[in-house]
Peer 1: 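Can you read through this structure? Questions will come right after.
Residue indices begin at 1 and follow the sequence shown.
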Amino acid sequence: MSISTKYIFVTGGVTSSLGKGIISASLAKLLQARGYSVTIQKLDPYINVDPGTLNPYEHGECYVTDDGAETDLDLGHYERFLNAPTSQGNNVTTGRIYKTVIEKERRGDYLGKTVQVIPHITDEIKNRIKVLGKTGNFQFVITEIGGTVGDIESLPYIESVRQLKWELGKDALVIHLTLVPYLSASGELKTKPTQHSVKLLLEYGVQPDILVCRTEHPLSRELKNKVALFCNVEPSAVIEARDASSIYEVPVLMELEKLDLVVLNKLQLTSPNYNSEMTTWKDFLHKLKYPKQEVKIGLIGKYIELKDSYKSIAESFIHAGVANECKVHIEWIHSESITAENAADKLKGLRGILVAPGFGNRGIEGKIHTIRYARENNVPFLGICLGMQCAVIEFSRNVLGLVAAHSTEMDPDTPYPVISLQEAQKSIVNKGGTMRLGAYTCQLTPGSKAEQVYQKTSITERHRHRYEFNNAFLSKFEEAGMIPTGMNPEGSLVEIIELKNHPWFVGVQFHPEYKSTVLNPHPLFVGFIKAAMDTGVPLVVK
């Protein structure tokens, strides 16, 4: 289908956290399943250049793309739903916009003109929105605008939408996501918050074409007609978005509400039948709802108070569980709560243990005690990034006898630096400093667990870390039974370690969770869950 690129803008009102990202991803999935090429973009109104420097407690997980961009966690949803990679162009922040404009002003690009929000900031925003459409790779660009209409931070983005809607005409539309709350005292759904939210959007010059209404109860035809009348939209364009037990149900709910058909009709496009992807999606949902087994996996991290800090890991467990027709119950355990004395009590009953990524010294010793428990008790173990580094430190201390082993910036006064700080092989300006970011190649050892689950010997995986295995200690580890089974062929950097004579003990320097999707669950997670299922008697057999 050869069509001009269509732009869909998704805004939110009434309150934050209504699920703009999931609605955007669900619409994209439905359009993709009808044969259209789609990408999704996130505009974040904060002044940070990217979320790479944000504490996970502030903004949840920092998601990394193949090209090394540190981005908003919503990009993870986009990739998991569309099964397609995103890039630097899929996430734009106010910080990056202003940084670019100021750099242009310093170079004299504006020829001495007064630099203002309109037109200079809004022009830069519009350029970033249209850059993906100009590639020629996408028939739809869905742009999710972070924040809530009325926030002072979002005003330049809403103004840019107003201008683009005028400039693009029939090639653009706006979807506004609002809340229709239920008042238990009166037993009524109330539309007034939605009316006020749309009124505020109209004050900025933007008329929404479609309203998606989050609600805990069904919207009657009468109520939809009322919303349509007061908000200047057609009744068919008032879409009910009920709460769902899983985010993966939302595309099916939006299909029932005909969201994609309303969009295509408004953009005067044909509506081809769904391809096999929707059948595969519904098969996934069926297996998700009706697992044959259940296992309990411990996720040991130091940001567990905010589950979004490990969003991609949690979703990867869902994907891998479905692939094994097994429901994965995650037991969230704070690494600071684990000591040498209580590790056995804290971790007993777990069928598998994942030690999560992180930065800084806090909670490190708890992770090391956890890994010792998994190693000595033959509990399937997967360590990611810092989790692998902690596994190396634990093995150094308790098997090799290097009792002072730790990570270091190669301080000559620090003994046994088994994990050393090295400069990234690729210089990524203004993103993470010395961190290795983005996709790198890894060669796998034939016959290793890694090669068995990947079913190939050359892979690419995404990185986000500063520290690397110190190869000066490599022979000592191999002799003692911890072997490198994945290596970066360019820098001879250790990417994967495995333990001999253990049911499943794998540590990886990269972040496999970033590449797990509904249609392609990550093989490391699939293998890890299978190992957990195979260890002992299943908790539940249905």
Peer 1: May I have all residue pairs that pass ring pair (Phe, Tyr, Trp, His ring centres under 6.0 Å) and include part of residues 367-399, sequence neighbours excluded?
Peer 2: Phe381-Phe505, Phe395-Phe477

Peer 1: Is there a side-chain contact (heavy atoms from CB on, under 4.5 Å) between Val174 and Thr11? Walk through the geometry before answering.
Peer 2: CA-CA 7 Å; Val174 174; Thr11 60; 4.3 Å; yes

Peer 1: For Tyr440 and Phe510, I'd like to know if the aromatic rings sit close, meaning centre-to-centre distance below 6.0 Å.
Peer 2: no

Peer 1: Show the nearest heavy-atom pair for residues Leu253 and Ala244, with the distance to one decimal.
Peer 2: CD1-CB, 3.9 Å

Peer 1: Roughly how far, to the nearest 0.5 Å, is the CD1 atom of Ile175 from the CG atom of Leu211?
Peer 2: 10.0 Å

Peer 1: Thr86: which residues meet the side chain to side chain donor-acceptor pair (under 3.5 Å) condition with it, sequence neighbours left out?
Peer 2: Glu79

Peer 1: Between Arg462 and Gly438, is there a donor-acceptor pair closer than 3.5 Å when you use the side chain of the first and the backbone of the second?
Peer 2: no

Peer 1: Parallel, tilted or perpendicular: which fits the ring planes of Phe81 and His77, with parallel below 30° and perpendicular above 60°?
Peer 2: perpendicular

Peer 1: Would you mind checking if Lys296 and Glu331 are paired as a salt bridge, meaning a charged N to carboxylate O distance below 4.0 Å?
Peer 2: yes

Peer 1: What is the ring orientation for Trp504 with Phe528, classed by angle as parallel under 30°, tilted 30 to 60°, or perpendicular over 60°?
Peer 2: tilted

Peer 1: Heavy atoms only: give me the nearest Asp67-Ser87 pair and the separation to one decimal.
Peer 2: OD2-CB, 3.5 Å

Peer 1: Would you compute the distance between atom OH of Tyr248 and atom CG of Leu285 and round it to the nearest 0.5 angstrom?
Peer 2: 10.0 Å

Peer 1: So, does Glu61 use its side chain to make a donor-acceptor pair with the main chain of Ser312 at under 3.5 Å?
Peer 2: yes

Peer 1: Would the distance check show the side chain of Glu498 and the main-chain N or O of Met482 forming a donor-acceptor pair, the cut-off being under 3.5 Å?
Peer 2: no

Peer 1: Go through the steps for Glu365 and Arg397 under the test salt bridge (charged side-chain N to carboxylate O under 4.0 Å, His left out), then give the verdict.
Peer 2: CA-CA 12 Å; Glu365 294 303 320; Arg397 292 180 183 179; 3.0 Å; yes

Peer 1: Output yes when a side-chain donor or acceptor of Thr370 lies under 3.5 Å from a complementary backbone atom of Val355, and no otherwise.
Peer 2: no

Peer 1: Cation-pi check for Tyr98 against Arg96: NZ or CZ below 6.0 Å from the six-membered ring centre and within 45 degrees of the axis, yes or no?
Peer 2: no

Peer 1: Less than 4.0 Å between a side-chain N and a carboxylate O, is that true for Glu249 and Lys282?
Peer 2: no

Peer 1: Which atom names give the shortest non-hydrogen contact between Pro357 and Tyr310, and what distance separates them?
Peer 2: O-CE2, 3.9 Å

Peer 1: Using ring pair (Phe, Tyr, Trp, His ring centres under 6.0 Å) as the criterion, list what pairs up with Tyr63, not counting sequence neighbours.
Peer 2: Tyr514

Peer 1: Do Ser316 and Arg80 get their side chains close enough for a donor-acceptor pair, meaning under 3.5 Å?
Peer 2: no

Peer 1: Where do Ser154 and Gly146 come nearest, in terms of heavy atoms and distance?
Peer 2: OG-O, 3.4 Å

Peer 1: Quick one: do Glu240 and Arg242 make a salt bridge, cutoff under 4.0 Å?
Peer 2: yes

Peer 1: We want to know whether Asn90 and Thr39 form a side-chain donor-acceptor pair, criterion being a heavy-atom distance below 3.5 angstrom.
Peer 2: yes

Peer 1: Any donor-acceptor pair under 3.5 Å linking the side chain of Asp50 with the backbone of Gly52?
Peer 2: yes

Peer 1: Does the side chain of His522 come under 3.5 Å of the side chain of Glu513 through a donor N or O and an acceptor N or O?
Peer 2: no

Peer 1: I'd like to check Asn48 versus Thr93 (side-chain heavy atoms, cut-off strictly below 4.5 Å). Are they in contact?
Peer 2: no

Peer 1: If you measure only the distance, is there a donor-acceptor pair under 3.5 Å linking the side chains of His176 and Ser197?
Peer 2: yes

Peer 1: Would you give the length of the straight line joining atom CD1 of Ile129 to atom CG of Leu43, rounded to the nearest 0.5 angstrom?
Peer 2: 5.0 Å

Peer 1: With a cut-off of 6.0 Å (strictly less than), are more than 12 heavy atoms of other residues, nucleotides or ligands near CD of Glu376?
Peer 2: yes

Peer 1: At their closest point, which heavy atom of Gly13 faces which heavy atom of Leu18, and how far apart are they?
Peer 2: O-CD1, 3.3 Å

Peer 1: Would you compute the distance between atom CD1 of Ile496 and atom CG of Asn488 and round it to the nearest 0.5 angstrom?
Peer 2: 11.5 Å

Peer 1: Could Asp534 and Lys530 be called an ion pair, given the rule that one side-chain N must be under 4.0 Å from one carboxylate O?
Peer 2: yes

Peer 1: Going by atom types alone, do Glu461 and Tyr454 pair a side-chain donor with an acceptor below 3.5 Å?
Peer 2: yes

Peer 1: Which pairs with one or both residues in residues 382-395 pass salt bridge (charged side-chain N to carboxylate O under 4.0 Å, His left out), sequence neighbours excluded?
Peer 2: Arg375-Glu394

Peer 1: Could Lys292 and Glu325 be called an ion pair, given the rule that one side-chain N must be under 4.0 Å from one carboxylate O?
Peer 2: yes

Peer 1: Any ion pair linking Glu70 and Arg464 (charged N to carboxylate O, less than 4.0 Å)?
Peer 2: yes

Peer 1: Identify the heavy atoms of Val180 and Leu189 that sit nearest to each other, and give their distance.
Peer 2: O-CD2, 3.7 Å

Peer 1: What pairs with Asn91 under side chain to side chain donor-acceptor pair (under 3.5 Å), at least two apart in sequence or on another chain?
Peer 2: Asp44

Peer 1: Is there a donor-acceptor pair under 3.5 Å between the side chain of Lys367 and the backbone N or O of Ala356?
Peer 2: yes

Peer 1: For the backbone of Gly187 and the side chain of Ser184, can you confirm whether one donor and one acceptor N or O come within less than 3.5 Å of each other?
Peer 2: no

Peer 1: Is the closest side-chain donor-acceptor distance between His463 and Glu495 under 3.5 Å?
Peer 2: yes

Peer 1: Within the supplied structure, the quantity of interest is the number of heavy atoms (other residues, nucleotides, ligands) at a distance under 6.0 Å from Ile47 CD1; does it exceed 12?
Peer 2: no

Peer 1: Is the backbone of Leu306 close enough, under 3.5 Å, to the side chain of Trp332 for a donor and an acceptor to pair up by distance?
Peer 2: no

Peer 1: Are Val141 and Ile8 packed together at the side-chain level, in the sense that at least one heavy-atom pair is separated by less than 4.5 angstrom?
Peer 2: no

Peer 1: Any salt bridge linking Asp74 with Lys20? Criterion: basic side-chain nitrogen under 4.0 Å from a carboxylate oxygen.
Peer 2: no

Peer 1: Roughly how far apart are Leu132 CG and Thr143 OG1, rounded to 0.5 Å?
Peer 2: 7.5 Å

Peer 1: Please report the C-alpha distance between Cys62 and Leu54 in whole Å, then the side-chain angles of each, then the deciding distance to 0.1 Å, and finally whether the side-chain contact (heavy atoms from CB on, under 4.5 Å) criterion is met.
Peer 2: CA-CA 8 Å; Cys62 177; Leu54 287 173; over 6 Å; no

Peer 1: Does a donor on one side chain and an acceptor on the other come within less than 3.5 Å for Tyr157 and Thr94?
Peer 2: yes

Peer 1: Judged by atom type as modelled, is there a donor-acceptor pair below 3.5 Å linking the side chain of Tyr78 to the main-chain atoms of Ser24?
Peer 2: no

Peer 1: Kindly compute the distance separating CG (Leu382) from CE (Met388), expressed to the nearest 0.5 Å.
Peer 2: 12.0 Å

Peer 1: Does the pair Asn342 and Thr339 meet the rule for a side-chain hydrogen bond (donor to acceptor under 3.5 Å, both in side chains), with working shown?
Peer 2: CA-CA 5 Å; Asn342 70 12; Thr339 65; 3.2 Å; yes

Peer 1: Within the distance-only criterion (no hydrogens, no angle test), does the side chain of Asn324 pair as donor or acceptor with the backbone N or O of Ala320 below 3.5 angstrom?
Peer 2: yes

Peer 1: Residues two or more places apart in sequence or in another chain: which of them pass side chain to side chain contact (heavy atoms under 4.5 Å, CB included) with Ser186?
Peer 2: Leu183, Glu188

Peer 1: Should we say atom NZ of Lys287 is surrounded by more than 12 heavy atoms from elsewhere, each under 6.0 Å from it?
Peer 2: no

Peer 1: Can Arg362 and Ser335 be counted as having a side-chain donor-acceptor contact under 3.5 angstrom?
Peer 2: no

